[in-house]
Amino acid sequence: MYLSSAYEILFNGQTLSLPADEMGNVEKCHRFLKEFATDKVIYGINTGFGPMAQWRVDDNHLKELQYNIIRSHATGAGKPLSDIEVKAAMIARIGTFLQARSGISPTVITLLKEFVNRGIYPFIPQHGSVGASGDLVQLAHIALCLIGEGKVHYKDQWRPTSEVMEETGLKPMEIYVREGLSVTNGTSVMTGISIVNQYYAENLVKYAVIAGAWINEIADSFDDYMAVEENICRRQPGQQVIARWLREVSEGSRHLQKREHELYDPVKNKDSYFEHKVQAYYSLRCIPQIYGPVLDTLRNTADVLENELNSACDNPIVDYTTRNIYHGGNFHGDYISLEEDKVKIAMVRVAMTAERQLNYLFHDRINGILPPFLNLGVLGLNYGMQACQFTATSTTAECQTLAMPNYVHSIPNNNDNQDIVSMGTNSALLCRKVIDNAYQVMSILFIALAQATDCLELADKLALKTRAQYDAIRGICPKFVEDTPFYEDIARTENYLRTNIIRYLK
């Protein structure tokens with residue numbers, strides 16, 4: 001499955017379907033495991049789990065063993081994950097099972113598909129996973145619902161799973177060989193959360209580029225900061241893409257200067273002091289260099305997530321093609337944990353840059369062209385957007401605190417069986433928090449950009465793409481002169497940025 005296909009299912013209402021050939025392979029793997037498991041010692045099929053693997057389980061209790069792993073591990077705590085995150089986790093689990101290396105019955109995949117397509121979302125608490133053996137606790141909450149127990153979020157209500165299954169005509173998952181362990185063992189929850197993070201992070205970077213182009217129009221900057229020749233000699237692909245995006249967004253602007261017209265013309269450059277800055281502040285001029293590595297980070301993460309979507313990430317691996325079973329650690333969440341820490345740090349950088357751009361707009365002695373805090377009222381009596389900066393600064397500060405990598409915070413547990421773990425789900429959740437914060441800071445910046453445009457009466461001189469954003473923001477937050485509460489404007493702008501996906505920057 002492509003990451004773009006997961007996005008279509010998650011955000012655009014596309015129905016999830018199951019490829020017949022892959023489902024056929026799942027059936028082959030299931031049949032092989034049932035035959036192969038006879039008279040052999042195989043972890044999690046006729047042994048205990050984790051450090052209990054040294055104890056063989058009597059054949060009379062093998063089904064009970066699979067139910068026990070589900071019920072005993074449904075121990076999560078805290079607020080539930082959002083519906084979209086749970087849906088993404090179930091899609092990721094289906095992706096794992098379609099690799100036909102788990103030995104489970106195809107009926108498990110069909111039931112998960114029905115949950116996804118019908119909008120049945122198991123209760124999964126945020127806390128519980130150490131990221132190895134994958135997301136045992138949180139996946140156990142999915143498995144609990146698949147066997148008809150626990151509770152689900154269905155049509156905006158929390159209800160007993162058994163009631164919803166009866167209402168929708170679904171039957172609980174049956175245990176054949178190792179269905180309990182397979183559903184609970186792997187990286188699907190951290191992967192699901194990360195897929196949702198990726199969708200919003202990719203979009204936020206595009207809005208950050210638009211904001212960067214727009215603020216340079218407001219500053220009447222020289223346009224060579226985004227020139228092909230400037231950026232192509234730095235052999236970093238992300239920087240070159242960001243510079244190209246800036247050129248695309250700025251096309252048609254009538255408020256950018258050409259250096260060759262103003263400073264390279266010997267007739268015009270006779271002054272000994274230049275009122276207009278020869279080079280803009282870093283938060284304006286260095287956008288390709290700042291956002292380039294952010295984009296490269298996101299593109300690498302997209303590859304990792306797509307690989308994980310199409311990986312068998314449980315244990316043991318049941319290989320019907322070699323007719324063998326391999327014990328290892330594909331459930332270990334290091335790939336996801338490390339990537340989410342990278343994305344988190346990159347999104348902190350986006351928030352920091354947006355906050356500095358906001359400071360440029362608010363600080364009249366720095367920009368030299370705008371009233372303090374974009375105040376169109378009476379100075380001293382009115383305050384413009386002064387207090388909005390407090391929110392942006394404090395939110396950015398929280399992001400900086402959260403930037404500490406979580407990947408390095410392994411704590412041994414499980415009788416030291418799990419002596420080094422990934423904390424991947426924690427990494428994904430912290431990343432989500434930073435992305436949410438960055439959207440809030442960006443929302444304040446977009447309101448400020450619109451107000452600054454009105455302060456200078458520049459709307460008709462903007463590029464078509466930045467003018468479109470100006471019009472959209474003004475539809476949410478009208479130009480203001482008198483003091484006004486901003487909290488609803490910020491919330492509406494954040495919703496606009498999250499739900500209006502930029503598709504023309506590729």
Side-chain angles (χ1 to χ4, degrees), residues 9-10 13 15-16 18 44 49 61-97 102 104-129 133-193 195-196 314 425 428-429 432:
I9 297 166
L10 287 169
T15 300
L16 187 151
L18 302 175
F49 303 111
H61 297 291
L62 296 187
K63 281 196 175 184
E64 184 182 348
L65 174 69
Q66 298 299 315
Y67 282 111
N68 285 348
I69 184 73
I70 295 171
R71 291 170 179 146
S72 68
H73 281 64
T75 59
K79 295 180 180 179
L81 298 179
S82 66
D83 288 351
I84 198 77
E85 290 168 329
V86 175
K87 187 175 184 179
M90 291 192 290
I91 292 170
R93 202 75 204 134
I94 289 170
T96 283
F97 289 152
S102 299
I104 51 118
S105 166
T107 59
V108 178
I109 305 175
T110 302
L111 183 56
L112 276 168
K113 181 202 75 170
E114 292 300 321
F115 271 44
V116 169
N117 288 340
R118 294 171 186 252
I120 302 172
Y121 305 116
F123 172 77
I124 307 179
Q126 289 186 11
H127 295 150
S129 174
S133 302
D135 300 306
L136 282 172
V137 167
Q138 281 134 323
L139 284 172
H141 282 271
I142 292 180
L144 192 68
C145 295
L146 293 179
I147 63 173
E149 300 177 17
K151 63 181 179 180
V152 294
H153 202 221
Y154 180 61
K155 296 182 177 179
D156 296 323
Q157 289 186 322
W158 288 108
R159 297 174 56 191
T161 307
S162 57
E163 285 184 11
V164 174
M165 279 190 153
E166 185 175 355
E167 183 177 311
T168 54
L170 298 176
K171 301 294 183 185
M173 175 179 78
E174 289 193 42
I175 299 297
Y176 294 95
V177 187
R178 67 176 294 238
E179 280 72 17
L181 178 60
S182 288
V183 176
T184 59
N185 193 215
T187 63
S188 299
V189 172
M190 67 178 80
T191 301
I193 298 168
I195 289 169
V196 177
D314 51 0
T425 303
L429 289 170
R432 179 237 277 171

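Sequence positions, counted from 1, serve as the residue numbers for this chain.
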Query raised in the report: salt bridge (charged side-chain N to carboxylate O under 4.0 Å, His left out): which pairs involve residues 66-81, sequence neighbours left out?
Result: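 Pairs touching residues 66-81 that pass the test: R71-E149.
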Query raised in the report: Who are the salt bridge (Lys or Arg N to Asp or Glu O under 4.0 Å) partners of R159, not counting sequence neighbours?
Result: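 Residues passing salt bridge (Lys or Arg N to Asp or Glu O under 4.0 Å) with R159: E163, E167.
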Query raised in the report: Taking only residues two or more places apart in sequence or in another chain, which ones pass salt bridge (Lys or Arg N to Asp or Glu O under 4.0 Å) with E179?
Result: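 So E179 forms no salt bridge (Lys or Arg N to Asp or Glu O under 4.0 Å) with any residue.
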State which residues pass side chain to side chain donor-acceptor pair (under 3.5 Å) with [X]; sequence neighbours excluded, sorted by chain then number.
X: H61; answer: E64
X: Q66; answer: none
X: T110; answer: none
X: E114; answer: R118

Check [X] against [Y] and note the closest heavy-atom contact, atom names and distance.
X: G44; Y: L65; answer: O-CD2, 4.0 Å
X: S182; Y: S102; answer: OG-O, 3.4 Å
X: A143; Y: T184; answer: CB-CG2, 3.9 Å
X: G128; Y: V137; answer: O-CG2, 3.4 Å
X: W158; Y: P122; answer: CZ3-C, 4.5 Å
X: P172; Y: L111; answer: C-CD2, 4.2 Å

Query - F115 and V86: CA distance, side-chain angles, deciding distance, side chain to side chain contact (heavy atoms under 4.5 Å, CB included) verdict - result: CA-CA 10 Å; F115 271 44; V86 175; over 6 Å; no
Are any non-hydrogen side-chain atoms of [X] and [Y] less than 4.5 angstrom apart?
X: R432; Y: L81; value: yes
X: L112; Y: R93; value: yes
X: I91; Y: I195; value: no

Query raised in the report: Got a sec, which pairs hit ring-ring contact (aromatic ring centres under 6.0 Å, His included) with one end in residues 168-193, sequence neighbours left out?
Result: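 Listed once each, the pairs are H30-Y176.
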Query raised in the report: With I84, which residues qualify under side-chain contact (heavy atoms from CB on, under 4.5 Å), at least two apart?
Result: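 Residues passing side-chain contact (heavy atoms from CB on, under 4.5 Å) with I84: L10, F11, S82, V196.
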Report task. Could you tell me which residues satisfy side-chain contact (heavy atoms from CB on, under 4.5 Å) with S129, sequence neighbours excluded, listed by chain and number? Result ->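 By the side-chain contact (heavy atoms from CB on, under 4.5 Å) rule, S129 matches D135, Q138, T425.
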Requested in this report: Show your reasoning for whether side chain to side chain contact (heavy atoms under 4.5 Å, CB included) applies to V183 and I70.
Outcome: CA-CA 9 Å; V183 176; I70 295 171; 5.9 Å; no
Do [X] side-chain atoms and [Y] backbone N/O form a donor-acceptor pair below 3.5 Å?
X: K87; Y: I9; value: yes
X: D314; Y: N185; value: no
X: T161; Y: G150; value: yes

Query - K113/V116 under side chain to side chain contact (heavy atoms under 4.5 Å, CB included): CA gap, chis, key distance, verdict - result: CA-CA 5 Å; K113 181 202 75 170; V116 169; 5.7 Å; no
Requested in this report: For side chain to side chain contact (heavy atoms under 4.5 Å, CB included), just list the numbers for L18 and I94, CA-CA rounded to whole Å, side-chain angles, deciding distance to a tenth of an Å, and then say yes or no.
Outcome: CA-CA 9 Å; L18 302 175; I94 289 170; 3.9 Å; yes
Query raised in the report: Looking at residues at least two apart in the chain, or sitting in another chain, which of them share a ring-ring contact (aromatic ring centres under 6.0 Å, His included) with Y154?
Result: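 Once residues adjacent in sequence are excluded, Y154 has no partner under the ring-ring contact (aromatic ring centres under 6.0 Å, His included) criterion.
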**Report entry** ring-ring contact (aromatic ring centres under 6.0 Å, His included) against H73, all qualifying residues, sequence neighbours excluded
**Finding:**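 Scan of H73 (ring-ring contact (aromatic ring centres under 6.0 Å, His included), adjacent residues dropped) gives none.
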